[in-house]
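In what follows, a single structure is set out as structure tokens and then discussed.
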Amino acid sequence: TAHKTGASFIDRTILGLGVDTIFEIGGQDSKFISLEEGIVVDFAMNDKCAAGTGRFLEVMARALEVDLEDFGIFSFKAQQPAPISSLCTVFAESEVISLIAKGETRENIIAGIHEAIASRVVAMASRVGFKSKIMMTGGVAKNKGVVSALEDKLGYPIEVSPRAQVTGAIGAALIAGSTS
């Protein structure tokens, strides 16, 4: 509810998109929210593990010895995304280390990581159904490589919340303010 409220507020006051789908990928979980006329009609959440979240990206950046701030840009330099078959953080880290040992470029590995995240998120959203006016929130929205991979998999452009990391907090504050 907080993410929907924050995203709807940002959409109304800044974007004017008429958001009907929200992807929120934060540090520890990812959420998919489907809206109709601003009302939540369906919701899916990955909260079982850190797969595809900000924490997952932090671990991968450390394994690749790349600054997390630069992670998104690296993937745009890839020639061919390296296949990453596991999104389990422990197994994916082993996979990344193995790819490095085989001589795979960091750019290709990072692009593969982004594609794996996008595939997982789109699979989650497909179970619920998504529409075309999409906003992405959460800290991972700052990673242009993940956003681009998601756009490619979805076939729709994604508007990144200008307050991606605090969209849920904005929503919570608006909800708290309306009840006082």
Side-chain angles (χ1 to χ4, degrees), residues 1-35 38 40 42-47 49-62 64 66-78 81 84 87 89 92 107 110-126 128 130-174:
T1 301
H3 284 282
K4 184 277 300 183
T5 302
S8 294
F9 174 78
I10 289 168
D11 184 37
R12 237 183 5 265
T13 59
I14 299 173
L15 301 175
L17 182 65
V19 169
D20 54 25
T21 303
I22 301 165
F23 287 99
E24 192 277 338
I25 306 177
Q28 300 298 320
D29 63 24
S30 54
K31 299 170 199 66
F32 164 77
I33 305 164
S34 179
L35 307 173
V40 175
D42 218 333
F43 172 86
M45 180 173 175
N46 166 35
D47 61 354
C49 65
T53 66
R55 178 67 184 135
F56 174 83
L57 288 169
E58 287 173 355
V59 171
M60 296 305 112
R62 187 182 67 236
L64 288 161
V66 173
D67 184 5
L68 188 58
E69 297 292 320
D70 300 327
F71 216 63
I73 302 304
F74 263 76
S75 67
F76 293 121
K77 297 175 185 173
I84 306 292
L87 272 183
T89 304
E107 292 84 358
I110 293 169
I113 290 167
H114 291 163
E115 283 195 3
I117 291 169
S119 293
R120 181 179 179 105
V121 171
V122 169
M124 180 176 65
S126 294
V128 176
F130 56 86
K131 300 179 187 108
S132 62
K133 295 177 183 172
I134 303 166
M135 180 188 288
M136 186 168 172
T137 67
V140 175
K142 294 175 68 176
N143 182 317
K144 293 178 185 337
V146 172
V147 174
S148 178
L150 271 169
E151 287 176 328
D152 289 347
K153 296 263 185 233
L154 292 168
Y156 294 109
I158 295 174
E159 188 69 40
V160 174
S161 169
R163 303 282 183 255
Q165 288 180 288
V166 295
T167 301
I170 290 169
L174 289 167

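All heavy atoms count here, side chains included; hydrogens, waters and symmetry mates do not.
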Would you check if [X] and [Y] make a side-chain contact, meaning some heavy-atom pair closer than 4.5 Å?
X      : Y      : result
Ser75  : Glu107 : no
Leu68  : Asp70  : no
Arg163 : Ile170 : yes
Ile134 : Leu17  : no
Phe32  : Ile22  : no
Ser8   : Val19  : no
Phe56  : Ile117 : yes
Asp11  : Met135 : yes

As an exercise, state the distance from [atom1] of [X] to [atom2] of [Y], rounded to the nearest 0.5 Å.
X     : Y     : atom1 : atom2 : result
Ile73 : Asp67 : CD1   : CG    : 11.5 Å
His3  : Phe43 : NE2   : CZ    : 8.5 Å
Ile10 : Thr5  : CD1   : OG1   : 11.0 Å

Start with the C-alpha distance between Leu35 and Thr21, add both sets of side-chain angles, then the distance that settles side-chain contact (heavy atoms from CB on, under 4.5 Å), and finish with yes or no.
-> CA-CA 6 Å; Leu35 307 173; Thr21 303; over 6 Å; no

Heavy-atom closest pair, residues [X] and [Y]:
X      : Y      : answer
Ala172 : Ala2   : N-CB, 3.8 Å
Ser30  : Thr53  : N-CG2, 4.3 Å
Gly112 : Ile84  : C-CG1, 3.6 Å
Phe71  : Ile110 : O-CG2, 3.3 Å
Lys133 : Gly18  : CD-O, 3.3 Å

By side-chain hydrogen bond (donor to acceptor under 3.5 Å, both in side chains) - contacts of [X] (at least two apart):
X      : value
Thr167 : Ser161
Glu24  : Lys31
Glu151 : none

Sequence neighbours excluded, the answer for salt bridge (charged side-chain N to carboxylate O under 4.0 Å, His left out) partners of Arg55 is Glu58

Arg12 meets the salt bridge (charged side-chain N to carboxylate O under 4.0 Å, His left out) criterion, sequence neighbours left out, with none

Report the relative orientation of the aromatic rings in Phe130 and Phe23; use parallel for angles under 30°, tilted for 30 to 60°, perpendicular for over 60°. tilted

Taking only distance into account, with no hydrogens and no angle test, what donor-acceptor pairs under 3.5 Å do side-chain atoms of residues 136-147 form with protein atoms, sequence neighbours excluded?
residue, atom, partner, partner atom, Å
Lys142, NZ, Gln165, OE1, 3.4
Asn143, OD1, His114, NE2, 3.4
Asn143, OD1, Gly145, N, 2.9
Asn143, OD1, Val146, N, 3.0
Asn143, ND2, His114, NE2, 3.3

Report the C-alpha distance between Val40 and Thr1 in whole Å, list the side-chain angles of each, state the deciding distance to 0.1 Å, and finish with yes or no for side-chain contact (heavy atoms from CB on, under 4.5 Å).
CA-CA 8 Å; Val40 175; Thr1 301; 5.8 Å; no

When Leu154, Asn46, Leu150 are each screened for side chain to side chain contact (heavy atoms under 4.5 Å, CB included) with Val121, the one that passes is Leu150

